[in-house]
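Report on the following structure.
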Amino acid sequence: MPRTERVLRAEVVVLRHNDWGEADRLLVLYSREAGKLRAVAKGVRKMRSRKAGHLEPFTRVKLMLARGRDFWIVTQAETVDMYLPVREDLVRTAYAAYVIELLDRFTYEEGENRRLYDLVIETLERVSLMPDPFTSVRYYEIRLLDLLGFRPDLTYCVRCEAEIKPEDQFFDAALGGVLCPNCGAATPTARAVSMPTLKFLRHYQRSTFQEANRVELPQNVRREMENLLGYYLTYLLERRLNSPSFLHEVRRDMTE
Ligand SMILES: [Zn+2]
């Protein structure tokens, strides 16, 4: 998006909002056209504002935005999907909130990523409509890692590069993938991962959602998959969140 553009027509998902001034709201959005954006919705906290209902978190909405001094300003809003089942069921609400939070925490205002936008829209639809949203959220985590450049290596040992055999293995977040039993035993930070779970993770990694969803996950695999992906994502987020302050320190040292 050229920085000089005065008006932007965008389709967005609302990630979160904060009160802003007397009657306004500051929105954090993820847009199809320009990635993450911040925009002010003026007057939405006044009674009977027609825009207010369109701008709740995890709503998909079409917006007209005008460039303000600091942020974009919402001039028109039209709802595409409210994901009503997500609002009416606490489990779905929790899943959708997690999907949105991951997107929010892994992205900065760094421009368009159309595939990421499409992934989030597809995932919110699945979370809204599928009888059990579990697989759709695991699939989202795996594709999100791909699109952000953190795809874990699940085929070769990340230490000795031996091909992974069909047996129980180890996984290390810092090394970004699976370790053979020899290297795993010699790596204190590595966690055990069972062969069935690794098999399903690989299947998810190389499949469309329809293919991935066709196989039913055993209960113990569900638990292990969720824990392992959670461990890896948490590790990446902590490292990523630390990096801007580290960069800041380095820059300050250089100018002193
Ligand atoms: Zn190895």
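Ligands are counted one by one from 1 in listed order, and the atoms in each one are counted from 1 as well. What you see below is based on every heavy atom in this structure, not just the backbone, and it leaves out hydrogens, waters and symmetry mates.
Partners of Asp132 by salt bridge (charged side-chain N to carboxylate O under 4.0 Å, His left out), not counting sequence neighbours, listed by chain and number: Arg222.
Of all the heavy atoms in Leu37 and Leu65, the pair that sits closest is CD1-CD1, 3.9 Å.
With Arg92 contributing its side chain and Met130 its backbone, the two residues share a donor-acceptor pair below 3.5 Å.
At a threshold of 4.0 Å, the pair Arg191-Glu224 does not count as salt-bridged, since none of the basic side-chain nitrogens sits closer than that to a carboxylate oxygen. A salt bridge is absent between Glu211 and Arg214; no separation between the charged side-chain nitrogens and carboxylate oxygens falls under 4.0 Å. With respect to the salt-bridge test (charged N to carboxylate O, under 4.0 angstrom), the residues Glu122 and Arg115 do not qualify.
Protein-derived N/O/S atoms nearer than 2.8 Å to the Zn ion (ligand 1) total 4, waters excluded.
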